[in-house]
Amino acid sequence: MHRRIIAPGALAAASLLLAIPASAASFSPGAPGIGDPYYPAYGNGGYDVSHYDLRLRYQPATDELEGTATILARTTQDLSRFDLDFLLDVSEVRVNGAKAAFATSGQHELEITPKTPLPKGTPVTVVVRYSGVPSTKSAYGFSTWHRTPDGAVAADEPEAAWWWFPSNDHPLDKATYDVSVAVPDGTQVISNGTLQSTSSRLGWTRWNWRENKPQATYLATLAVGRFDITTSTSDGGVPVVNAYSKDLGDNDGAARASVERTGELVDWLSGYFGPYPFASAGGYVPNTTTGFALETQTRVYYSPRQFANGSNTSVVVHELAHQWYGDSVSLKGWKDIWLNEGFARYAQWLWSEHEGEGTTRELADYVYASHPADDPFWTVAPGDPGPDDQFSAAVYDRGALAVQALRDEVGDDAFFAILKGWPQEHAYGNASVADFRAYAEQVSGKSLSALFDTWLFEPSKPAAPAARDASVARSSATVAQPKSWKKIAATNDVH
């Protein structure tokens with residue numbers, strides 16, 4: 001807003017200049033999206049979050065959630081207004097202590113106008129008071145808030161935060177978290193990181209969780225219900241917290257037989273990927289009707305259906321591999337999903353070999369031979385699959401084939417050095433497929449442009465010689481299905 005003021009004398013003019021920290025024209029609204037072409041409205045521009053402090057109260061019987069989110073951030077431009085991604089009903093917003101104007105727009109935007117504009121580089125504390133019934137909210141025709149018989153769960157990809165806390169919802173803006181939730185006595189709260197404390201007062205118990213390493217918003221999780229919580233420590237010294245709904249029925253035994261091996265599997269994966277990157281590990285199995293699992297940071301979400309056919313350590317390996325590939329090193333854009341899924345799937349192949357149920361080569365041969373050249377499987381490019389095919393089986397299976405092709409090309413010494421070095425190179429940050437290729441070339445000393453183009457970007461079946469093994473040219477009729485395949489394939493719908 002420009003206002004003409006006529007003031008006599010140079011002193012009055014100087015006073016006016018001192019009162020305005022910068023030209024009003026230099027301040028502009030932050031973008032309503034962070035710039036991801038797959039999801040143009042996700043995330044926001046103009047600021048970077050460092051910490052979320054969420055203080056909530058939830059009533060399972062009515063699905064009523066109320067809370068105060070305190071968000072610590074820093075502006076990245078001269079900012080007149082900024083957005084948060086959120087769906088619940090907001091009663092008050094404060095920016096650096098002063099009440100701010102707010103309005104909603106689009107499917108999930110909360111527009112905030114601070115009392116005074118914020119110059120670039122300004123530390124910002126945003127306090128949002130809110131309430132609502134998450135299960136009544138939807139955006140783009142869906143909800144990621146999952147009711148259970150005794151509570152609810154927030155877990156989904158690529159979005160889940162909107163239903164329970166306001167955020168800059170894109171993996172590019174990672175932050176640390178304190179999640180404090182009050183629930184009726186006898187009910188438990190599961191979230192990421194480490195349980196700091198619990199306290200009870202007047203029929204309510206407050207659970208305080210902390211994730212002290214940077215975490216993407218979609219990896220933040222909340223589960224409220226009646227759980228059996230187990231704790232242990234792996235041989236490698238990693239604390240493990242697991243939780244199981246008390247009404248899992250026939251799936252209870254298989255779920256526990258799988259998830260209780262988390263500590264063992266974390267230590268085993270550390271041999272390939274380097275030290276476990278977080279202060280705790282674990283998983284939880286709520287009584288939901290969903291069919292997917294998700295690598296929610298430090299506390300993996302598993303659907304009971306994952307264990308309907310018995311125990312499945314392969315799915316646990318997949319989700320734990322993501323703690324390195326996807327959680328510690330997160331993608332820069334959703335087109336880089338191969339960095340998450342290709343390597344988590346390859347971890348399952350390594351586990352299959354470890355268990356004597358099929359080598360990585362046998363699995364690669366089987367996947368290659370199972371898809372004829374005219375199969376649409378080959379038209380999906382794992383290196384940039386598009387939003388509609390982001391979680392296609394090809395991203396997992398062709399993605400793992402690309403990892404095997406890299407191993408064939410650079411040899412085992414360089415390959416395993418890459419596998420272990422990459423999570424250290426970009427620990428707690430973000431990276432792209434192009435970054436990975438550059439790193440693999442640096443470690444191996446080889447040009448890998450043609451290999452990456454062939455296996456990740458060309459919409460056709462690579463010629464057999466590209467796999468450096470004539471065995472992959474055989475038809476599926478002559479390639480035996482590895483014993484591990486059914487358990488591995490059961491994770492094709494993991495998301």
Side-chain angles (χ1 to χ4, degrees), residues 51-72 86-94 125-137 143-155 160-167 175-212 215 217 220-231 239 241-248 279-280 282-288 296-299 301:
H51 184 72
Y52 293 95
D53 183 277
L54 309 177
R55 193 167 180 86
L56 313 176
R57 180 182 174 103
Y58 180 71
Q59 175 54 262
T62 58
D63 196 38
E64 292 175 283
L65 177 69
E66 61 182 62
T68 300
T70 303
I71 303 169
L72 307 183
F86 196 45
L87 289 175
L88 297 186
D89 304 319
V90 175
S91 59
E92 182 182 79
V93 177
R94 289 181 178 267
T125 301
V126 182
V127 177
V128 182
R129 298 185 186 277
Y130 58 92
S131 61
V133 179
S135 59
T136 66
K137 304 294 184 179
S143 171
T144 66
W145 183 260
H146 311 292
R147 291 298 308 275
T148 63
D150 54 13
V153 172
W162 314 341
W163 283 263
W164 65 290
F165 69 98
S167 69
T176 54
Y177 285 74
D178 279 307
V179 177
S180 175
V181 187
V183 292
D185 288 348
T187 301
Q188 287 80 32
V189 176
I190 306 299
S191 192
N192 311 87
T194 302
L195 182 63
Q196 300 294 105
S197 64
T198 60
S199 60
S200 295
R201 184 174 180 269
L202 301 176
W204 291 78
T205 301
R206 181 166 290 279
W207 297 68
N208 301 296
W209 292 88
R210 171 171 291 171
E211 176 46 68
N212 65 354
Q215 175 175 275
T217 43
T221 194
L222 175 69
V224 177
R226 295 181 180 274
F227 292 98
D228 178 27
I229 299 174
T230 68
T231 61
V241 179
N242 296 322
Y244 309 88
S245 280
K246 294 185 176 181
D247 54 355
L248 290 178
S280 72
Y284 70 98
V285 189
N287 187 11
T288 60
T296 37
Q297 190 163 305
T298 72
R299 196 109 316 108
Y301 167 78

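Position 1 is the first residue of the sequence; numbering continues from there.
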Do [X] and [Y] come within less than 4.5 Å of each other through their side chains, counting heavy atoms only?
X    : Y    : answer
T125 : T70  : yes
I71  : F165 : no
W204 : P184 : yes
N192 : V179 : no
D178 : H51  : yes
P149 : D247 : yes
N212 : T194 : no
D150 : N287 : no

Using only atom types and a distance under 3.5 Å, with no angle test, would you say the side chain of T298 pairs donor to acceptor with the backbone of G193?
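Checking the backbone N and O of G193 against the side chain of T298, a donor-acceptor pair under 3.5 Å is found.
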
Closer than 3.5 angstrom, by distance alone: can the side chain of S131 be matched with the main-chain N or O of L65 as a donor-acceptor pair?
no

Nearest-0.5 Å distance that lies between atom [atom1] in [X] and atom [atom2] in [Y]:
X    : Y    : atom1 : atom2 : answer
W163 : L87  : CH2   : CG    : 5.5 Å
E66  : L88  : CD    : CG    : 11.5 Å
E211 : R299 : CD    : CZ    : 9.0 Å
Q215 : T217 : CD    : OG1   : 9.0 Å

Can D89 and K137 be said to form a side chain to side chain contact (heavy atoms under 4.5 Å, CB included), step by step?
CA-CA 10 Å; D89 304 319; K137 304 294 184 179; 3.1 Å; yes

Quick one: side-chain contact (heavy atoms from CB on, under 4.5 Å) partners of A154, sequence neighbours excluded?
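By the side-chain contact (heavy atoms from CB on, under 4.5 Å) rule, A154 matches W145, W164, L222.
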
For S200, check side-chain contact (heavy atoms from CB on, under 4.5 Å) against everything at least two apart and list the hits.
D185, T205

Side chain to side chain donor-acceptor pair (under 3.5 Å) between S180 and N208, worked out:
CA-CA 4 Å; S180 175; N208 301 296; 2.6 Å; yes

Is it the case that D63 and Y58 place a side-chain donor and acceptor less than 3.5 Å from each other?
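Distance-only check passes for D63 and Y58.
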
Less than 3.5 Å apart, any donor N or O on the side chain of R210 or T176 sitting next to an acceptor on the other?
no

Using the ring centroid of each side chain, check whether Y301 and Y284 are separated by less than 6.0 Å.
yes

Looking only at non-hydrogen atoms, find the nearest pair between [X] and [Y] and report the distance.
X    : Y    : value
A243 : I229 : CB-CG1, 4.1 Å
Y130 : V128 : CD2-O, 3.5 Å
L56  : G67  : CD2-CA, 3.8 Å
R147 : A61  : NH2-O, 4.4 Å
T187 : P60  : CG2-CG, 4.3 Å
T136 : V133 : OG1-O, 2.7 Å

Across all chains, not counting sequence neighbours, the ring-ring contact (aromatic ring centres under 6.0 Å, His included) partners of F227 are none

Can you check side chain to side chain donor-acceptor pair (under 3.5 Å) on R206 and S197, steps first, answer last?
CA-CA 8 Å; R206 181 166 290 279; S197 64; over 6 Å; no

